[in-house]
Protein chains: 2
Amino acid sequence: MGHMAAQTQPKQSEAKLLVVEDDANILELLSASLRFAGFDVSTATSGSAAVSAAKNASPDLVVLDVMLPDLDGFEVIRLMREGGQRTPVVFLTARDGTEDKIRGLTLGGDDYVTKPFSLEELTARIRAVLRRTSQGDEAPSRLVFADLELDEETHEVYRAGQRVQLSPTEFKLLRYLMLNANRVLSKAQILDHVWKYDFRGDDNIVESYISYLRRKVDNVQPRLIHTLRGVGYVLRKPAV
Amino acid sequence: MGHMAAQTQPKQSEAKLLVVEDDANILELLSASLRFAGFDVSTATSGSAAVSAAKNASPDLVVLDVMLPDLDGFEVIRLMREGGQRTPVVFLTARDGTEDKIRGLTLGGDDYVTKPFSLEELTARIRAVLRRTSQGDEAPSRLVFADLELDEETHEVYRAGQRVQLSPTEFKLLRYLMLNANRVLSKAQILDHVWKYDFRGDDNIVESYISYLRRKVDNVQPRLIHTLRGVGYVLRKPAV
DNA sequence: ACAGCGGCTGAAAGTTGTCTGAGAAAGTAC
DNA sequence: GTACTTTCTCAGACAACTTTCAGCCGCTGT
């Protein structure tokens with residue numbers, strides 16, 4: 001069957017996101033990468049702008065920094081929902097003292113991630129919330145590639161039917177590889193997506209984790225994780 | 001092997017609720033989480049609005065704050081019942097003198113919770129009242145998972161046939177775990193649902209109570225309460 | 001063939017998350 | 001009031017996980 005290499009973009013779901021964040025750097029990071037991930041992204045940099053943007057664009061989900069210059073995140077949500085909108089939310093919160101005092105973020109099917117976060121973490125949450133709230137139909141929480149299975153909800157991983165235990169970073173890396181199966185990923189790219197955006201270490205950590213993953217989930221034939229020397233890594237079935 | 005993961009939402013009963021509460025934050029808290037719990041929720045923020053909303057929407061149950069800007073809860077109920085409606089009520093009340101006045105009113109199958117309450121507490125009451133009043137097609141008051149049994153009415157808990165004594169919080173936590181069996185619950189999520197909404201402490205209390213529960217109900221094989229490091233807890237049968 | 005680069009991996013150090021015992025604080029019963 | 005239960009906090013121990021480092025191996029190009 002040689003090659004087919006459906007060179008598709010990750011193509012989430014074409015879901016419409018509204019990203020609300022006052023820090024220009026983070027906003028840029030988010031909107032660029034969420035767009036690349038296949039979302040239809042609009043943005044706002046203040047609470048009041050967010051409320052009206054939500055009215056006009058009626059997004060499927062809002063990514064919302066809780067700390068905003070004018071209104072805080074809770075007010076924004078309250079105003080949005082007073083207008084009859086039932087949009088689910090993924091909150092962004094800082095890990096400072098205020099973090100403990102923030103409660104009620106997981107209600108109504110919403111979720112939150114603390115800064116600094118990794119892009120994989122955020123997109124995983126977004127997808128999970130969309131999955132939960134897009135009522136009724138599909139629930140594809142299980143990624144499958146060859147005889148590798150990864151359940152995003154229960155965090156279970158199987159290789160050739162065998163249950164495998166992964167650490168959090170191993171899990172995130174494997175999910176990233178599976179979401180991008182058949183696509184070559186450079187170490188820099190992996191670092192940017194799987195590690196938190198403030199990580200200042202060396203590429204070598206990716207090599208280390210690839211090594212851990214190989215030992216745990218790629219210790220049987222056929223090998224699925226391949227190194228392209230000087231280029232990166234790719235998850236694919238060996239050529240026949 | 002692999003999967004079973006009954007991917008159901010908590011899906012209460014599609015019952016129609018009318019929530020009456022003047023505090024915008026609490027109203028948002030209630031409507032978001034009750035909706036997500038599967039109820040069909042409408043809201044009102046004053047006594048007079050409540051009376052007409054009850055006429056129009058004819059809900060199966062009313063969640064009613066006793067302290068309202070115009071009419072108080074008692075008046076609301078009186079007017080509703082003058083109109084011939086015999087809708088059951090769960091009152092929300094502050095822990096003050098009115099608590100006693102409520103007691104007299106709850107003889108007729110109604111119930112009340114005192115502020116601040118936990119969402120588990122409230123939904124448990126709602127479900128209990130609905131169970132009692134929708135006679136005929138009885139809803140089961142007994143939760144069962146593996147050899148764990150929990151009776152919501154008598155508050156009895158059995159593990160492997162053995163009776164186990166739990167404190168109120170232990171009971172609520174276990175019920176929450178059982179209602180969400182096979183679903184991974186973060187500590188934040190547990191805190192948001194099982195603890196009162198004004199709790200300002202830290203996550204560690206969840207760890208403590210998980211520890212208590214394990215000692216009391218998970219001290220035999222197979223272990224059912226599992227830790228997912230960095231993610232949360234899950235009630236499930238061990239991997240096959 | 002050899003030098004040099006890139007990648008692999010074992011080991012060790014550093015960090016973080018979870019569990020649990022002890023006890024203070026708050027609540028309840030008698 | 002006292003005795004008892006329950007809730008909540010704290011800190012130490014421990015285990016799991018992350019990150020770094022250094023040496024080795026093998027590929028690649030000349």
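Each chain gets a letter, A, B and so on, in the order the sequences are listed, and its residues count up from 1. This is a predicted model, so every value here is computed, not measured.
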> Is Glu156(B) salt-bridged to Arg163(B), cutoff N-O under 4.0 Å?
Replying inline: yes
> Any ion pair linking Arg159(B) and Asp218(B) (charged N to carboxylate O, less than 4.0 Å)?
Replying inline: yes
> Taking atom C1' of dA13(D) as reference, at what distance in whole Å does atom CD of Glu207(B) sit?
Replying inline: 14 Å
>> Quick check on the helix from dA1(C)-dT30(D) to dC30(C)-dG1(D): what's the angle between its two end axes, five base pairs per end, to the nearest 10°?
In response: 30°
> Taking the six-membered ring of Tyr197(B) as reference, does the NZ or CZ atom of Lys115(B) fall below 6.0 Å from its centre and within a 45° cone about the axis?
Replying inline: no
>> dT18(D), OP1 or OP2 - any side-chain N/O from Thr169(A) closer than 4.0 Å?
In response: yes
>> Could you go through Leu107(A) and Glu28(B), starting from their C-alpha distance and side-chain angles, then the distance that decides it, and tell me whether this counts as side-chain contact (heavy atoms from CB on, under 4.5 Å)?
In response: CA-CA 10 Å; Leu107(A) 270 11; Glu28(B) 169 57 23; over 6 Å; no
Closest to the [X] side chain, choosing from [options]:
X	options	result
Asn204(B)	dT16(C), dT9(D), dC8(D)	dT9(D)
Ile205(B)	dG21(C), dC8(D), dT18(D)	dC8(D)
Tyr233(A)	dC10(D), dG7(C), dC8(C)	dC8(C)

> Does the side chain of Asn204(B) come under 3.5 Å of the side chain of Glu207(B) through a donor N or O and an acceptor N or O?
Replying inline: yes
>> Among residues at least two apart in sequence or on other chains, which ones pass side-chain hydrogen bond (donor to acceptor under 3.5 Å, both in side chains) with Arg223(B)?
In response: none
